[in-house]
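The shown structure was predicted, so the numbers you read here are calculated from the model rather than taken from an experiment.
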Amino acid sequence: MVGRPLDDADLVARAQRGDAAAYEELVSRYQGIAFRTAYVLAGSAADAEEAAQDGFVKAYRALGRFRAGAPFRPWLLEIVGNEARNRRRSAGRRDRLALRAAAEGPSGGAAPSPEATLVAAEERRRLLDAVEALRDDDRLVISCRYLLELSEEETAAALGVARGTVKSRLSRALERLRAHLGEVAA
């Protein structure tokens, strides 16, 4: 079919055969989520930008080892995640993340009242403050899974852990988050 957009598998196969335009299309599709994932893991925009760029370069160089039939996005996010964690580790930072950008989504429907907007903003800030107060492992798994809306597989790849580890960490992190929110409300 002419004009049909190529799926990831087609683009990867073409890129593996040396088609630079096919890889450019993959970069275009995934640069946003790659940057956001790197930002959550690295903690700064500059480090995230470099980690995402380096991740795309490393993924391109590793295309020959990419397993045919495997999903491209989790594979790429694993590479980007490794780059971001390496940058954070080498810098020795423990800066708190600015999660506001990742948490805000497009609004839909009718415009809310000013009161509703204020309440929603206060609730969002309270939730983000509670997430930021969590341990790194808890904050990262919640951020990847819910703020970036990555699947469990993609979260596991980005964090460099097993899928079962994501499930158990997420369960414990949500318990701690609930407890923290309960303390704040009390």
Side-chain angles (χ1 to χ4, degrees), residues 1-91 93 95 97-108 136-137 139-170 173:
M1 180 185 302
V2 176
R4 170 182 74 86
L6 296 174
D7 64 14
D8 287 356
D10 293 332
L11 290 170
V12 168
R14 287 178 54 185
Q16 287 174 324
R17 292 190 302 269
D19 184 344
Y23 194 70
E24 287 177 24
E25 175 63 25
L26 288 168
V27 170
S28 177
R29 283 183 187 181
Y30 296 114
Q31 64 188 1
I33 192 65
F35 173 80
R36 290 188 302 272
T37 300
Y39 183 78
V40 165
L41 297 173
S44 82
D47 285 343
E49 188 172 325
E50 289 179 19
Q53 287 177 353
D54 289 350
F56 278 114
V57 169
K58 286 187 176 186
Y60 182 76
R61 290 181 182 152
L63 274 177
R65 296 187 306 268
F66 181 75
R67 190 175 42 108
F72 180 76
R73 182 173 144 149
W75 180 76
L76 172 68
L77 292 179
E78 181 174 7
I79 294 169
V80 170
N82 287 338
E83 286 298 309
R85 281 191 304 280
N86 289 342
R87 287 185 187 288
R88 184 175 181 112
R89 197 174 308 126
S90 68
R93 279 189 208 102
D95 294 342
L97 296 176
L99 298 173
R100 183 178 300 121
E104 291 179 7
S107 64
D136 279 351
D137 287 349
R139 182 173 24 79
L140 291 175
V141 73
I142 287 174
S143 296
C144 286
R145 188 69 179 97
Y146 295 112
L147 299 180
L148 293 177
E149 298 177 351
L150 300 181
S151 69
E152 284 179 358
E153 179 182 11
E154 292 166 339
T155 299
L159 296 178
V161 298
R163 192 171 176 180
T165 303
V166 168
K167 287 183 176 188
S168 60
R169 280 188 188 173
L170 196 53

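- Judged purely by atom type and a 3.5 angstrom limit, R85 uses its side chain to pair as donor or acceptor with the backbone of A158.
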Problem set entry | Step-by-step salt bridge (Lys or Arg N to Asp or Glu O under 4.0 Å) determination, R73 to E154 | CA-CA 7 Å; R73 182 173 144 149; E154 292 166 339; 2.5 Å; yes
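- K167 pairs by the side-chain hydrogen bond (donor to acceptor under 3.5 Å, both in side chains) definition with nothing, not counting sequence neighbours.
- P71 and E153 get closest at one heavy-atom pair: CG-OE2, 3.6 Å.
- Evaluation of the salt bridge (Lys or Arg N to Asp or Glu O under 4.0 Å) rule for R169 yields no partner, not counting sequence neighbours.
- Annotation for A42 and A48: closest pair CB-N, 4.2 Å, computed over non-hydrogen atoms.
- No donor-acceptor pair closer than 3.5 Å links the side chain of D10 to the backbone N or O of L6.
- In this structure, R145 contributes its side chain and L150 its backbone to a donor-acceptor pair below 3.5 Å.
- To the nearest 0.5 Å, atom CG of residue N86 and atom CG of residue N82 are 6.5 Å apart.
- Summarising the geometry of A22 relative to A15, their closest heavy-atom pair is CB-N, 3.9 Å, with the distance given to 0.1 Å.
- Looking at heavy atoms from C-beta onward, T37 lies in side-chain contact with L148 at the 4.5 angstrom threshold.
- A donor-acceptor contact shorter than 3.5 Å links the side chain of Y23 to the backbone of F56.
- Checking side-chain atoms of T165 against main-chain N and O of V161 turns up no donor-acceptor pair under 3.5 Å.
- The distance from atom CG of D54 to atom CD of E49, rounded to the nearest 0.5 Å, is 10.5 Å.
- A38 approaches V80 most closely through the heavy-atom pair CB-CG1, 3.8 Å.
- Listed by chain and number, the residues in a side-chain hydrogen bond (donor to acceptor under 3.5 Å, both in side chains) with E50 are R87 (sequence neighbours excluded).
- Of all the heavy atoms in C144 and L159, the pair that sits closest is SG-CD2, 4.1 Å.
- Rounded to the nearest 0.5 Å, atoms CZ (R14) and CG (L26) are 10.0 Å apart.
- Ring pair Y30/F72 is tilted by interplanar angle, where 30° to 60° counts as tilted.
- To the nearest 0.5 Å, the span separating CZ on R36 from CD on Q31 amounts to 10.0 Å.
- Annotation for Q16: atom CD counts as buried by contact number, over 12 foreign heavy atoms lying within 6.0 Å.
- Annotation: side chain of D47 is not in contact with side chain of E83 (no heavy-atom distance under 4.5 Å).
- Y60 contributes atom OH, which lies 14.5 Å from atom CG of L76 (distance to the nearest 0.5 angstrom).
- Distance check, rounded to the nearest 0.5 Å: CG of L170 to OG1 of T155 gives 8.0 Å.
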Exercise. Passes side chain to side chain contact (heavy atoms under 4.5 Å, CB included), V166 versus V141? Steps please.
Worked result: CA-CA 7 Å; V166 168; V141 73; 4.1 Å; yes
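- Not a single donor-acceptor pair under 3.5 Å links the side chain of S28 to the backbone N or O of E24.
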